[in-house]
**Student:** 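The structure under discussion is supplied below as structure tokens; questions concerning it will follow.
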Amino acid sequence: MTSPANRALDLAPLLRAQAQLNQPHTLFRAVEQTCRARFGFRFLTVLRNLPGTGNVMRMHSSEPDYPTGALKPMGLTEWGKVVLDGGKCWLGNSADDVRWAFPDAELILSKGCEACACAPVLWAGRCVGVLSLNDARDAYSRDDMADMSLIAQTLAPALI
């Protein structure tokens, strides 16, 4: 569900959650609520980049099939080169895009998700994590990525 481009993005709830020291889960839930209202999704994940390991660690998920603490080998993939190494957003809107990006593509596709929008969380010039939204094909557009990037940056304190 893409919101009109002229509607202002309200980051105040995220900034309040961010200010609660040692409460990353409060921030994760606030980001989840904001993304649900702004974009919609079937599931959302927050990943921490683990440089030098080839992995990311799932820190938050709206989907029980994606437990927190799990490692995912994304650092050495083409997707990892774009998002983790390059610090760029990635948008996929087809089953082929999902298969290109993710080793667990079949699980993602089994949930009816052919769209995936990923925004890196950047800190001091490097990617410390990723905000990822998944939904039905063509659920997200390039226009959504600017707001998603702003939301992703509020996650930095919870991922560094």
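The residues of the chain are indexed from 1 along the displayed sequence.
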**Student:** Looking only at atom types and distance, does a side-chain atom of Ser132 sit under 3.5 Å from a main-chain N or O of Cys118, one as donor and one as acceptor?
**Tutor:**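 Not at all, since once roles are kept as given, no pair shorter than 3.5 Å links the two residues.
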**Student:** Taking C-beta and beyond as the side chain, do Pro103 and Met74 meet within less than 4.5 Å on heavy atoms?
**Tutor:**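 Sidechains of Met74 and Pro103: in contact.
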**Student:** List the atom of Ala139, the atom of Ala115, and the distance in Å for their closest heavy-atom pair.
**Tutor:**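 Ala139 and Ala115 have their closest heavy atoms at N-CB, 3.9 Å.
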**Student:** Among pairs that include at least one residue of residues 53-62, which meet salt bridge (charged side-chain N to carboxylate O under 4.0 Å, His left out), considering only residues two or more places apart or in two chains?
**Tutor:**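 Pairs touching residues 53-62 that pass the test: none.
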**Student:** Looking only at heavy atoms, which two atoms of Leu131 and Val46 are closest? And how far apart?
**Tutor:**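 So the minimum-distance heavy-atom pair works out to CD1-CG2, 4.2 Å.
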**Student:** Grouping I, L, V, M, F, W and Y whenever their side-chain heavy atoms are under 4.5 Å apart, do Phe39 and Leu155 come out in a common cluster?
**Tutor:**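 Yes, same cluster.
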**Student:** So, using side chain to side chain contact (heavy atoms under 4.5 Å, CB included) as the criterion, who are the partners of Lys111 when residues are at least two apart?
**Tutor:**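 Expected list: Phe43, Glu63, Asp65, Tyr66, Leu107, Cys113.
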**Student:** Closest heavy-atom contact between Cys116 and Asn134?
**Tutor:**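 Smallest heavy-atom distance, with atoms named: SG-OD1, 3.3 Å.
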**Student:** State which residues pass salt bridge (Lys or Arg N to Asp or Glu O under 4.0 Å) with Arg137; sequence neighbours excluded, sorted by chain then number.
**Tutor:**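 By the salt bridge (Lys or Arg N to Asp or Glu O under 4.0 Å) rule, Arg137 matches Glu114.
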**Student:** Is Val121 reachable from Leu133 through a run of hydrophobic residues whose side-chain heavy atoms are each under 4.5 Å from the next?
**Tutor:**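 Same hydrophobic cluster.
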**Student:** Looking at side-chain heavy atoms only, is the closest gap between Val130 and Val56 below 4.5 Å?
**Tutor:**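 They are not in side-chain contact.
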**Student:** What are the two closest non-hydrogen atoms of Gly75 and Leu84, and how far apart are they?
**Tutor:**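 Of all heavy-atom pairs spanning Gly75 and Leu84, the closest is CA-CD1, 3.7 Å.
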**Student:** Do any N or O atoms from the side chain of Asp97 and from the backbone of Gly92 form a donor-acceptor pair under 3.5 angstrom?
**Tutor:**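 No; judged by distance alone, with no hydrogens or angles, the pair does not exist.
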**Student:** Output all residues satisfying ring-ring contact (aromatic ring centres under 6.0 Å, His included) with Trp100, sequence neighbours left out; order by chain, then residue number.
**Tutor:**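 Per chain and number, Trp100 pairs via ring-ring contact (aromatic ring centres under 6.0 Å, His included) with Trp90.
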**Student:** If you measure from CG on Leu47 to OG on Ser61, what distance do you get to the nearest 0.5 Å?
**Tutor:**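 If we round to the nearest 0.5 Å, Leu47:CG and Ser61:OG are 9.0 Å apart.
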**Student:** Side chains of Leu159 and Trp123: does their closest heavy-atom pair fall under 4.5 Å?
**Tutor:**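 Side chain of Leu159 against side chain of Trp123, heavy atoms only: no contact under 4.5 Å found.
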**Student:** Count I, L, V, M, F, W, Y as connected when their side-chain heavy atoms are under 4.5 Å apart, and connections chain through other members. Are Ile108 and Leu71 then in the same cluster?
**Tutor:**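 Cluster IDs for Ile108 and Leu71 differ.
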**Student:** Verify the cluster assignment for Met59 and Leu27: are they in a single hydrophobic cluster under the rule of side-chain heavy atoms below 4.5 Å apart?
**Tutor:**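 The answer is yes; both residues are in one hydrophobic cluster.
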**Student:** Where do Thr154 and Pro157 come nearest, in terms of heavy atoms and distance?
**Tutor:**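 Thr154 and Pro157 have their closest heavy atoms at O-CD, 3.4 Å.
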**Student:** Please identify each residue that fulfils side chain to side chain contact (heavy atoms under 4.5 Å, CB included) with Ala117, with sequence neighbours left out.
**Tutor:**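 With neighbours one apart ignored, the set is Leu91, Tyr140, Met145, Met148.
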**Student:** Quick check on the hydrophobic clustering: are Ile151 and Val128 connected, directly or via other members, by side-chain heavy-atom contacts under 4.5 Å?
**Tutor:**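 In one cluster with Ile151: Val128, yes.
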**Student:** Got a sec, which residues hit side chain to side chain contact (heavy atoms under 4.5 Å, CB included) with Glu106, two or more places apart in sequence or on another chain?
**Tutor:**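 Applying side chain to side chain contact (heavy atoms under 4.5 Å, CB included) to Glu106 gives Arg99, Leu109.
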**Student:** Could you tell me which non-hydrogen atom of Cys89 sits nearest to which non-hydrogen atom of Val82, and how far apart they are?
**Tutor:**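 Smallest interatomic distance, heavy atoms only, reads O-CG1, 4.1 Å.
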**Student:** By the side chain to side chain donor-acceptor pair (under 3.5 Å) test, which pairs, at least two apart or in different chains, include something from residues 42-51?
**Tutor:**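 Side chain to side chain donor-acceptor pair (under 3.5 Å) check on residues 42-51 returns Arg42-Asp135.
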**Student:** Apply side chain to side chain contact (heavy atoms under 4.5 Å, CB included) to Thr53 and list each qualifying residue two or more places apart in sequence or on a separate chain.
**Tutor:**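 Thr53: side chain to side chain contact (heavy atoms under 4.5 Å, CB included) contacts with Leu50, Asn55.
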**Student:** What residue pairs, at least two apart or across chains, pass side chain to side chain donor-acceptor pair (under 3.5 Å) with a residue in residues 69-79?
**Tutor:**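 Non-adjacent pairs meeting side chain to side chain donor-acceptor pair (under 3.5 Å): Lys72-Asp104, Glu78-Lys81.
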**Student:** Under a 3.5 Å distance rule, please check whether Asp144 uses its side chain to pair with a backbone N or O of Ser141 as donor and acceptor.
**Tutor:**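 Answer holds: yes.
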**Student:** Could you measure the distance from the CZ atom of Arg29 to the OG atom of Ser62? Nearest 0.5 Å is fine.
**Tutor:**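 Arg29 CZ to Ser62 OG: 13.0 Å, rounded to 0.5 Å.
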